[in-house]
2 protein chains.
Amino acid sequence: MTTQRLVAGLEPPYYTAVFTSVRPDNPEGYAEALDRMKEIVQEIAGFLGYESARTPGGIGITVAYFRDEESLTAWRHQAEHQSVQRHGREHWYEAYSLHVGKVERSYSFERR
Amino acid sequence: MTTQRLVAGLEPPYYTAVFTSVRPDNPEGYAEALDRMKEIVQEIAGFLGYESARTPGGIGITVAYFRDEESLTAWRHQAEHQSVQRHGREHWYEAYSLHVGKVERSYSFERR
């Protein structure tokens with residue numbers, strides 16, 4: 001789940017899918033499913049990258065970046081992804097939220 | 001920095017300010033400044049809440065929710081916040097990005 005670098009080089013407009021969740025630390029099958037999702041999302045045209053963080057004992061936040069609504073819709077409808085979402089609701093997550101936003105303004109800083 | 005519950009009850013449209021960052025674990029003055037920012041952001045009309053997560057050794061992600069562009073602008077221009085941003089660039093962060101998006105669609109799940 002760890003990402004250590006930020007997604008760079010995004011030029012608005014693009015979309016953010018912010019997924020926030022509460023779940024146990026290591027639910028059965030979770031790590032494998034996550035690895036698989038990371039793999040197949042790369043096949044979505046317009047997928048621009050993702051970042052993920054989770055505080056031990058706290059919540060998890062994943063942000064996925066997409067070029068346009070079509071690419072987001074393709075990911076939402078991806079069959080294997082849908083099956084994992086169902087499994088997640090039934091077995092892994094106590095709660096989650098998804099916020100899909102159209103980014104009109106962004107800013108990046110990197111220390112020299 | 002830990003939040004353990006998700007922000008609930010958001011009705012689109014609203015705005016997400018996604019702040020992703022790379023920084024050392026406990027920079028000097030950081031915790032105190034964060035506490036102060038958490039306090040003063042509450043005074044911004046239209047501030048709806050925030051969530052934050054940070055993987056040890058990884059990146060941090062904070063998502064702040066605002067009702068409209070005016071409330072986001074008020075927070076961006078808040079004098080004490082601007083001073084902390086400057087300090088963060090000079091002393092705390094190796095890198096960060098900010099993505100401001102207008103949310104048109106959101107979804108929440110909570111296990112019964």
Side-chain angles (χ1 to χ4, degrees), chain A residues 1-10 12-23 49-65 69 72-73 76 85-86 88-112, chain B residues 1-10 12-23 49-65 69 72-73 76 85-86 88-112:
Chain A
M1 193 98 182
T2 303
T3 49
Q4 294 178 298
R5 274 190 289 178
L6 306 183
V7 173
L10 301 177
Y14 54 89
Y15 282 77
T16 46
V18 176
F19 179 81
T20 60
S21 65
V22 179
R23 60 164 172 83
Y50 79 95
E51 292 147 343
S52 198
R54 185 163 181 265
T55 305
I59 70 166
I61 305 178
T62 295
V63 186
Y65 302 91
E69 291 197 83
L72 253 166
T73 303
R76 190 159 81 243
Q85 286 178 58
R86 268 193 304 276
R89 282 190 294 272
E90 286 162 17
H91 299 284
W92 299 329
Y93 295 110
E94 293 164 30
Y96 68 74
S97 291
L98 177 71
H99 313 268
V100 174
K102 182 177 185 179
V103 174
E104 299 290 358
R105 186 167 66 80
S106 66
Y107 174 78
S108 282
F109 162 80
E110 193 165 355
R111 188 173 302 173
R112 300 285 162 185
Chain B
M1 193 98 180
T2 303
T3 51
Q4 292 176 300
R5 275 190 289 179
L6 306 183
V7 173
L10 300 178
Y14 54 88
Y15 282 76
T16 46
V18 176
F19 180 80
T20 60
S21 65
V22 179
R23 60 166 172 82
Y50 80 96
E51 291 148 345
S52 198
R54 185 164 181 266
T55 305
I59 69 166
I61 305 178
T62 296
V63 187
Y65 302 91
E69 291 197 83
L72 253 165
T73 303
R76 190 158 83 244
Q85 286 178 58
R86 267 192 306 275
R89 281 191 295 271
E90 287 162 15
H91 298 285
W92 298 329
Y93 296 109
E94 294 164 30
Y96 67 75
S97 292
L98 178 71
H99 312 268
V100 174
K102 182 178 185 178
V103 175
E104 299 290 357
R105 186 167 67 80
S106 64
Y107 174 78
S108 282
F109 162 80
E110 192 164 357
R111 187 171 302 175
R112 299 285 160 188

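Reminder, nothing fancy here: chain letters follow the sequence lines and each chain counts from 1.
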**Study point:** Contact class of B/Tyr14 relative to chain A, heavy atoms under 4.5 angstrom
**Key:**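 Contact with chain A involves the side chain of B/Tyr14 alone.
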Once you round to the nearest 0.5 Å, how far does [atom1] of [X] lie from [atom2] of [Y]?
{"X": "B/Glu90", "Y": "A/Arg111", "atom1": "CD", "atom2": "CZ", "answer": "9.0 Å"}
{"X": "B/Gln85", "Y": "A/Phe109", "atom1": "CD", "atom2": "CZ", "answer": "11.5 Å"}
{"X": "A/Arg105", "Y": "B/Glu69", "atom1": "CZ", "atom2": "CD", "answer": "8.5 Å"}

**Study point:** Most chain A-contacting option - heavy-atom pairs closer than 4.5 Å, from B/Val7, B/Leu6, B/Thr16, B/Val63
**Key:**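 Ranked by contacts with chain A, first place is B/Leu6.
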Check your understanding: Picking from B/Leu10, B/Val22, B/Val18, B/Val103, which has the most non-hydrogen pairs under 4.5 angstrom with chain A?
Key ->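 Highest number of heavy-atom pairs under 4.5 Å: B/Val103.
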Practice item. Keeping the roles fixed (side chain from B/Thr55, backbone from A/Arg54), state whether a donor-acceptor pair exists under 3.5 Å. Key: yes
Review point. Ring centroid separation for B/Tyr107 and A/His99, is it under 6.0 angstrom?
Key: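 Not under 6.0 Å, so no.
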**Study point:** Heavy atoms from other residues, nucleotides or ligands near CD of A/Glu94 exceed 12 (cutoff 6.0 Å)
**Key:**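 For A/Glu94, atom CD is crowded (more than 12 foreign heavy atoms under 6.0 Å).
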Review point. Does some side-chain heavy atom of A/Pro56 sit less than 4.5 Å from a side-chain heavy atom of B/Pro56?
Key: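 Yes, close enough: below the 4.5 Å cut-off.
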Exercise for review: Evaluate the side-chain proximity of B/Glu51 to A/Ile61: yes if any heavy-atom separation is below 4.5 Å, no if none is.
Suggested key: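 A side-chain contact under 4.5 Å exists here.
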